[in-house]
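Notes to accompany the following structure.
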Amino acid sequence: MLTIENLSVGYSGIRALRGVSLTVRQGEIFALIGPNGAGKSTLLNAVSGMVPAAEGSVRLEDETITGRPAHRIARSGLIQVPEGRRVIAPLNVRENLELGRQAAGQRGSDSSDLDKVHSLFPILAERRDQLAGSLSGGQQQMLAIGRALMGRPRILLLDEPSLGLAPVIIREVFNALVKLNAQGLTILLVEQNAKMALETAHRAAVIEQGRVVHSGDANALMNDPVVADHYFGRAAA
Amino acid sequence: MLMQQLLNGIVVGSVYGVFALGFTLIFGVNHIMNMAHGTIFMWGAFAGLFVVLTFDAPFLAAVLAGAIGGGLLAVVLDFFAFRPLRKRNAPEFSSIVSSIGASFILLSLAQQVTATRVLRFPFETFPVVILNFMGLRIQLLQLVIVGIVVVMVFGLLFYLYRTSYGRQIRSVAFSESTSKLLGINPMAVNFQVFFISGALAGIAGVLIGIVFNSVHFMMGEPLLLRAFVVIILGGLGSIPGALIAGLLIGIVQTLSVAYLSAGMADAIVFSLLFLVLLFRPTGLLGGATSVARVTRS
Ligand SMILES: Nc1ncnc2c1ncn2[C@@H]1O[C@H](COP(=O)(O)OP(=O)(O)OP(=O)(O)O)[C@@H](O)[C@H]1O
Ligand SMILES: [Mg+2]
């Protein structure tokens with residue numbers, strides 16, 4: 001589905017990503033875990049066209065999307081839910097969801113998309129006239145995911161959806177992701193909450209200092225003593 | 001007499017409001033102080049005058065020409081003066097300098113073309129029809145101008161708040177990078193914002209050109225200065241703020257010309273600015289100065 005080959009990104013001298021290769025298969029949840037500053041967001045942003053790649057390529061099915069402007073990548077069906085949700089605060093919930101339709105482009109969207117999002121996150125229907133900026137963190141995260149779904153993604157990229165949320169809400173968000181995946185949506189999930197991510201994902205990779213240091217089956221990674229030692233202490237905190 | 005002057009002030013002020021609206025729109029969405037807005041206003045007036053003189057076009061066609069001329073000029077300005085800066089993430093100050101440069105070029109061009117003359121719309125562009133209403137002498141032109149302003153303001157509000165295009169504009173105003181992730185093309189949004197802003201300036205140019213019966217290359221510059229006052233009084237990026245402050249300045253200016261002296265008008269307008277800033281540092285409507293976006297309040 002998504003093939004990342006030898007991707008490198010530099011921010012004026014600092015090399016944030018050094019030759020990362022990954023493949024996300026059709027229909028799976030792929031988790032990417034790693035410590036602060038490892039380059040997880042950089043990877044998602046390079047794939048989404050938000051930061052230019054210095055080297056390497058990204059393919060979505062058989063189209064090469066490297067170098068395309070970000071809005072066109074979104075319209076090709078690769079949609080990112082960014083770190084910190086980034087809802088459009090001065091617009092209301094309904095308007096935020098409507099904005100999400102832009103990414104659907106030629107793939108089209110209709111009223112059934114809104115119904116689907118509302119049935120996944122009923123709170124968004126309830127709060128449709130509330131300004132997005134006045135929602136709670138969890139509600140904003142649901143709005144950000146719902147907004148991405150309005151664009152009919154072929155693959156959904158999520159950057160730390162659990163960030164700053166209470167455990168119950170994290171559960172709710174992850175349940176929604178599992179539900180979406182069961183309906184056939186491919187998901188690339190970036191998380192610091194390694195335990196949660198590995199429990200949810202089919203396959204995973206660990207990234208440190210801009211390099212993939214472990215990758216494979218999510219269960220296997222969870223039971224890998226090195227990974228466990230490194231990440232579960234932190235995840236529990 | 002006072003009521004009469006008040007009426008004149010409202011008419012002129014509503015046009016100032018439209019001019020300031022275009023200025024505040026670009027500021028709200030792109031965070032650019034477009035110092036060439038006055039020259040776009042002036043070229044809009046020329047575009048209107050041109051179709052009247054060349055094709056004997058009627059009044060409304062002149063207004064339309066002002067809108068299209070101003071709109072296109074603003075789009076071209078964006079392409080040459082601002083887009084290259086946006087591309088390399090230049091600080092906001094560079095766009096001020098760049099637009100001052102552009103306004104000089106546009107001013108000199110107009111000065112050359114007109115040989116520094118003051119031009120006038122032909123007398124028959126808008127027939128003088130005077131209506132008497134409760135002792136007031138209202139010109140039909142004044143009614144039509146207020147009507148055009150009202151239509152434009154409601155049209156703009158509808159576009160911004162009730163259409164998908166407007167939603168995208170407000171989204172980009174809040175965050176361009178998030179908007180891109182949603183599949184919104186910021187270039188298309190900028191195109192619309194600059195066209196609308198320029199069209200508002202161009203229409204204002206034609207209307208002011210007809211009201212004061214004079215079109216000349218410097219006509220936009222005093223207005224640009226007053227537009228600063230308008231947006232500071234009304235709050236940067238605020239739509240109703242721009243309109244209310246525009247009206248206020250139009251009234252103050254007309255009254256001071258009528259009762260004091262023409263030379264005092266701007267001094268009074270700017271003193272008013274300082275007074276307001278002293279007591280309401282965030283502008284008349286308050287709270288909008290730091291929020292650089294297109295707001296309803
Ligand atoms: N815009 C930027 N300019 C310069 N350096 C940056 C920029 N964004 C990220 N970096 C640097 O690149 C490296 C990777 O950052 P990135 O945000 O991708 O990490 P991350 O894995 O997402 O971290 P976190 O878990 O804290 O979100 C860090 O060293 C960071 O300081
Ligand atoms: Mg990150």
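Bear in mind that the values here come from a model prediction, so they are computed numbers and not experimental data. Residue numbering restarts at 1 for every chain, and letters A, B, ... go by the order of the sequence lines.
Summarising the geometry of A/A74 relative to B/K180, their closest heavy-atom pair is CB-O, 4.0 Å, with the distance given to 0.1 Å. A/R147 approaches B/T178 most closely through the heavy-atom pair NH2-CG2, 3.8 Å.
With contacts defined as side-chain heavy-atom distances shorter than 4.5 Å, the pair A/P90/B/R170 does not qualify.
Counting heavy atoms of neighbouring residues, nucleotides and ligands inside a 6.0 Å radius, atom CZ of B/F79 does not exceed 12 of them. The neighbour count for B/Y165 OH, taken as heavy atoms of other residues, nucleotides or ligands under 6.0 Å away, does not exceed 12. Atom CZ of B/F80 has 12 or fewer neighbouring heavy atoms from other residues, nucleotides or ligands inside a 6.0 Å radius. Annotation: A/R152, atom CZ; neighbour count of heavy atoms from other residues, nucleotides and ligands within 6.0 Å is above 12.
For the atom pair A/N96 CG and B/F174 CZ, the distance stands at 9.0 Å (nearest 0.5 Å). A/M150 contributes atom CE, which lies 11.5 Å from atom CG of B/L182 (distance to the nearest 0.5 angstrom). Here the CG-CG distance, from B/L181 to A/N45, works out to 7.0 Å after rounding to the nearest 0.5 Å. Rounding to the nearest 0.5 Å places CZ of A/R101 at 12.5 Å from CD of B/Q168. The structure places CD1 of A/I88 at 4.5 Å from OG of B/S179, a figure rounded to the nearest 0.5 Å. Distance OG/B/S164 to CD/A/Q102: 4.5 Å, rounded to 0.5 Å.
For A/V81, no part lies near chain B; criterion is any non-hydrogen pair under 4.5 Å. Neither the backbone nor the side chain of A/R72 has a heavy atom closer than 4.5 Å to any heavy atom of chain B.
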